[in-house]
Structure formats: structure tokens, C-alpha cells
Amino acid sequence: MLRLEKSKPLLEDLKQWCDNNLTKTAKDSAIGKPFVTPLNQWDSLTRYIDDGNIQIDNNAAERHIKPFVIGRKNWLFNQTPRGANASALLYSLVQTAVANNLEPFDYLKYLLTALPKLGRHYKPEALESVFTLEPD
């Protein structure tokens, strides 16, 4: 209700403003593109008004990728695809731990202890017992 009451009138004003200014500029110009983008994405931009489960912004996603963005200059040592894949795997494991409220160091320690116990020729089903996200 609050979104409909507070946000909808503001978004309607924004749409009207974009429509009015778009007619005054060339759509492909540097000035026109900022008016075209919200109009082209209008349904996605306003969907949160009708569904309270949709977040108004993407701040949570931005917070999760921030360490990766900050660290990418430090990862220039990835001279090969194997190095890049190893970094991506490690980053994925750390973020999985964080997303599940686990201490990343403890989770990695758990995985690096449990995975070798499966042996060299394990069955894929055996991974389920390891990836429970509940390390000892």
C-alpha cells in the first residue's frame, strides 16, 4: 500500500517528464538516451509497486559483488585460464559461505578436509554429504 501511495505518483511524474523531454531531443543523442532508457524499461522499473516481495533497489547484490570489484585489480596475476578458473572457484565458495551465514575460513577448511575423504573416484551423489553447508 505504501508503495502505491508514495512511489506511484512520483514514478508517474518521472514518466511524464521523460516523455516531455524526449520529444525535445534526438533519441540517439547523448541527451536523449537518459530519457529513452527508463521508458524502454518502464515495466521492470515499476514492477516493485505491485509486488511487495520485489526489492526497490539492488543494494544487496551490489554489496555482494563489491569485494570482487575491489579485488579485481589484485587478481591481475591470473595469467592463464586455469588461474582465473581457480580464482572464480575460490571466490564462489567464499561467497556461498557468506550467503549462508558461515565463516568462510571454517567452511573452506571443512571442504578441504572433507572432499579428499571421498577418494579419487567418488560417485557424484557422495558430494551431497559434503555440501550440506553445515561444517563441523
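Numbers for residues simply follow the sequence, beginning at 1.
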If you measure from [atom1] on [X] to [atom2] on [Y], what distance do you get to the nearest 0.5 Å?
| X | Y | atom1 | atom2 | result |
| --- | --- | --- | --- | --- |
| Trp17 | Leu22 | CH2 | CG | 11.0 Å |
| Asn59 | Lys66 | CG | NZ | 11.0 Å |
| Asp50 | Asp43 | CG | CG | 10.0 Å |

What pair of heavy atoms forms the shortest contact from [X] to [Y], and how long is it?
| X | Y | value |
| --- | --- | --- |
| Thr25 | Ser29 | CB-OG, 4.4 Å |
| Lys8 | Ile49 | CA-CD1, 3.9 Å |
| Trp42 | Leu11 | CH2-O, 3.1 Å |
| Lys24 | Asn20 | CG-O, 3.6 Å |
| Ala97 | Tyr107 | CB-CD2, 3.7 Å |
| Thr113 | Lys109 | OG1-O, 2.7 Å |

Leu127 vs Leu118, side chain to side chain contact (heavy atoms under 4.5 Å, CB included): CA-CA, chis, key distance, verdict: CA-CA 8 Å; Leu127 287 177; Leu118 295 178; 3.7 Å; yes
Heavy-atom side-chain contact between Ile31 and Asn21 under 4.5 Å: no
Min side-chain heavy-atom separation Asn85-Thr80 under 4.5 Å: no
[X] side chain vs [Y] backbone, donor-acceptor pair below 3.5 Å:
| X | Y | result |
| --- | --- | --- |
| Thr37 | Lys33 | yes |
| Arg47 | Ile54 | no |
| Asn100 | Leu102 | no |

Stepwise side chain to side chain contact (heavy atoms under 4.5 Å, CB included) check, Arg3 with Ile56: CA-CA 9 Å; Arg3 290 180 182 192; Ile56 293 174; 3.8 Å; yes
More than 12 heavy atoms from other groups under 6.0 Å of CG on Asp51: yes
Side chains of Ser7 and Tyr48, donor plus acceptor under 3.5 Å: yes
Quick check on the hydrophobic clustering: are [X] and [Y] connected, directly or via other members, by side-chain heavy-atom contacts under 4.5 Å?
| X | Y | value |
| --- | --- | --- |
| Val130 | Phe105 | no |
| Leu4 | Leu14 | yes |
| Tyr122 | Leu89 | yes |

